[in-house]
Novice: 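Okay, handing you the structure first.
Every heavy atom of this structure was used, including side-chain atoms; hydrogens, water molecules and symmetry mates were not. Note that the coordinates shown come from a computational prediction; the quantities given were computed from them, not determined experimentally.
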Amino acid sequence: MVFRQNVNASLLEELARELHGSDRIHLYMPVRLGMIGALQQNLAMDGKETAYHILLPRILEATEELDENSIVIISTIEFAETLDMKNVFVKAKDKGAKIWMLGTSRTKYRKYADRMLLDVEENAFGWITVLEAMILSLSEFYRAKFIDY
């Protein structure tokens with residue numbers, strides 16, 4: 001249900017075109033996800049620089065590599081005990097990068113996002129599975145459109 005409400009072929013095509021038009025794509029996630037490797041592989045095959053980070057200190061360092069031709073795909077876990085990621089968003093914006101947020105509709109970082117993807121209510125059932133399905137779908141769409149053409 002969450003997937004069908006948030007992902008469709010026209011969105012995937014639009015996202016794939018934006019990725020194709022960028023030189024650098026960074027992914028900052030709170031956990032390691034297998035499907036991100038597939039997306040990174042396809043981006044690398046198309047000559048894109050790509051990075052995937054889950055630890056906040058490395059994420060902060062990586063924001064220094066961003067520029068106006070970068071896309072940052074960020075998912076956050078927002079609990080009281082998690083680290084504040086405001087500096088990540090501020091640095092990415094200062095560098096001119098586009099920010100795609102994968103998260104809940106209540107995120108305190110929403111104001112920094114250029115795009116909200118998987119904009120769902122908190123505690124959506126199977127959210128991480130939906131996230132992986134969306135990343136895999138985007139990866140396959142990108143491969144079909146820009147690598148296997």
Side-chain angles (χ1 to χ4, degrees), residues 2-3 6-7 11-124 126-147:
V2 173
F3 187 84
N6 287 272
V7 181
L11 174 66
L12 292 172
E13 181 169 0
E14 188 176 330
L15 296 175
R17 287 190 187 286
E18 281 191 51
L19 290 174
H20 184 68
S22 296
D23 295 330
R24 182 176 294 111
I25 296 94
H26 282 199
L27 299 107
Y28 305 153
M29 302 285 161
V31 295
R32 189 115 351 243
L33 299 173
M35 294 303 119
I36 294 206
L39 177 60
Q40 282 188 287
Q41 181 70 17
N42 286 329
L43 293 169
M45 288 175 64
D46 194 31
K48 307 301 176 194
E49 180 187 311
T50 179
Y52 178 23
H53 302 291
I54 60 172
L55 299 175
L56 185 57
R58 182 61 192 117
I59 290 171
L60 284 168
E61 290 173 8
T63 59
E64 294 300 325
E65 303 165 14
L66 301 173
D67 62 21
E68 64 281 344
N69 206 18
S70 301
I71 293 177
V72 182
I73 303 170
I74 303 176
S75 178
T76 62
I77 294 178
E78 296 180 52
F79 300 114
E81 63 273 10
T82 58
L83 296 173
D84 185 4
M85 290 187 65
K86 181 180 177 184
N87 288 340
V88 172
F89 289 95
V90 170
K91 280 184 163 186
K93 276 295 184 194
D94 287 348
K95 295 285 188 168
K98 291 180 187 170
I99 298 173
W100 295 359
M101 284 282 307
L102 297 158
T104 66
S105 56
R106 293 183 177 179
T107 179
K108 64 185 175 185
Y109 305 112
R110 186 181 191 98
K111 64 185 174 191
Y112 299 103
D114 295 296
R115 280 188 176 274
M116 285 296 297
L117 303 171
L118 297 182
D119 190 8
V120 298
E121 292 296 320
E122 287 185 64
N123 301 321
W127 187 84
I128 201 78
T129 303
V130 174
L131 172 59
E132 287 207 283
M134 194 205 100
I135 295 291
L136 179 60
S137 298
L138 179 57
S139 176
E140 289 302 303
F141 199 93
Y142 190 92
R143 181 188 53 75
K145 196 85 173 158
F146 299 109
I147 297 170

Novice: Would you please test Val72 and Lys93 for side chain to side chain contact (heavy atoms under 4.5 Å, CB included) and show each step?
Specialist: CA-CA 10 Å; Val72 182; Lys93 276 295 184 194; over 6 Å; no
Novice: Could you tell me the separation between the NZ atom of Lys145 and the CG atom of Leu12, rounded to the nearest 0.5 Å?
Specialist: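 Reported value, rounded in 0.5 Å steps: 11.5 Å.
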Novice: Does the side chain of Met85 reach to within under 4.5 Å of the side chain of Leu56, using non-hydrogen atoms?
Specialist: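 Met85 vs Leu56: side chains touch.
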Novice: Determine whether Asp67 and Ser70 make a side-chain contact, defined as any pair of heavy atoms from C-beta on separated by less than 4.5 Å.
Specialist: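 Yes, close enough: below the 4.5 Å cut-off.
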Novice: For Tyr112, run the side chain to side chain contact (heavy atoms under 4.5 Å, CB included) check against Val88, Val90, Ile74 and tell me which one passes.
Specialist: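 When Val88, Val90, Ile74 are each tested with Tyr112, the side chain to side chain contact (heavy atoms under 4.5 Å, CB included) holds only for Val90.
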Novice: Any idea which heavy atoms bring Thr63 and Lys95 closest together, and the distance?
Specialist: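 What the structure gives for the nearest pair is O-CG, 3.7 Å.
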Novice: Looking at side-chain heavy atoms only, is the closest gap between Val7 and Leu117 below 4.5 Å?
Specialist: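 Side-chain contact under 4.5 Å: no.
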Novice: Given 3.5 Å as the limit, does a donor-acceptor pair link the side chain of Thr50 with the main chain of Leu43, or not?
Specialist: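 Such a contact is absent between Thr50 side chain and Leu43 backbone.
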Novice: Report yes if some heavy atom in the side chain of His26 is under 4.5 Å from a heavy atom in the side chain of Glu65; otherwise report no.
Specialist: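 They are in contact (side-chain heavy atoms under 4.5 Å apart), so the answer is yes.
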Novice: Please find the pair of heavy atoms, one from Ala16 and one from Phe146, that lie closest to each other, and give the distance.
Specialist: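 In terms of heavy atoms, the two residues are closest at O-CE1, 3.5 Å.
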Novice: Here's a test for you: under side chain to side chain contact (heavy atoms under 4.5 Å, CB included), which of Ile135, Ile25, Leu136 qualifies with Leu39?
Specialist: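 Among Ile135, Ile25, Leu136, the one meeting side chain to side chain contact (heavy atoms under 4.5 Å, CB included) with Leu39 is Ile135.
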Novice: If I take atom CD1 from residue Ile71 and atom CG from residue Leu66, how far apart are they, to the nearest 0.5 angstrom?
Specialist: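 The CG atom of Leu66 is 11.0 Å from CD1 of Ile71, to the nearest 0.5 Å.
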Novice: Which heavy atom of Trp100 sits nearest to which heavy atom of Glu18, and what is that distance?
Specialist: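 Smallest heavy-atom distance, with atoms named: CZ2-OE1, 3.6 Å.
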Novice: Could you pull out the closest heavy-atom pair between Ala113 and Met101, with the gap in Å?
Specialist: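 That would be CB-CG, 3.4 Å.
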Novice: Could you tell me the separation between the CD atom of Glu132 and the CG atom of Leu33, rounded to the nearest 0.5 Å?
Specialist: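 Going from the CD atom of Glu132 to the CG atom of Leu33 covers 4.5 Å.
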Novice: Are any side-chain N or O atoms of Tyr142 and backbone N or O atoms of Asn42, one a donor and one an acceptor, separated by less than 3.5 Å?
Specialist: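 Judged by distance alone, no pair lies under 3.5 Å.
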Novice: Please name the pair of heavy atoms, one in His20 and one in Lys48, separated by the smallest distance, quoted to 0.1 Å.
Specialist: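 His20 and Lys48 have their closest heavy atoms at O-NZ, 2.6 Å.
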Novice: So do Lys86 and Lys108 actually touch side chain to side chain, heavy atoms under 4.5 Å?
Specialist: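 In short, these two side chains do not touch, never coming nearer than 4.5 Å.
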Novice: Taking the six-membered ring of Tyr52, is NZ or CZ of Arg32 closer than 6.0 Å to its centre and within 45° of its axis?
Specialist: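 Flagged: Arg32 positioned over aromatic ring of Tyr52.
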Novice: Mind listing the closest non-hydrogen atom pair of Gly21 and Asn69 along with its distance?
Specialist: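 Closest approach of Gly21 to Asn69: O-OD1, 3.2 Å.
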Novice: Only one of Arg115, Met29, Lys98 clears side chain to side chain contact (heavy atoms under 4.5 Å, CB included) with Ile73; which?
Specialist: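 Single pass found, and it is Met29.
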Novice: Nearest 0.5 Å please: distance from the CZ atom of Arg58 over to the CD atom of Glu61.
Specialist: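 Here the interatomic distance stands at 5.0 Å.
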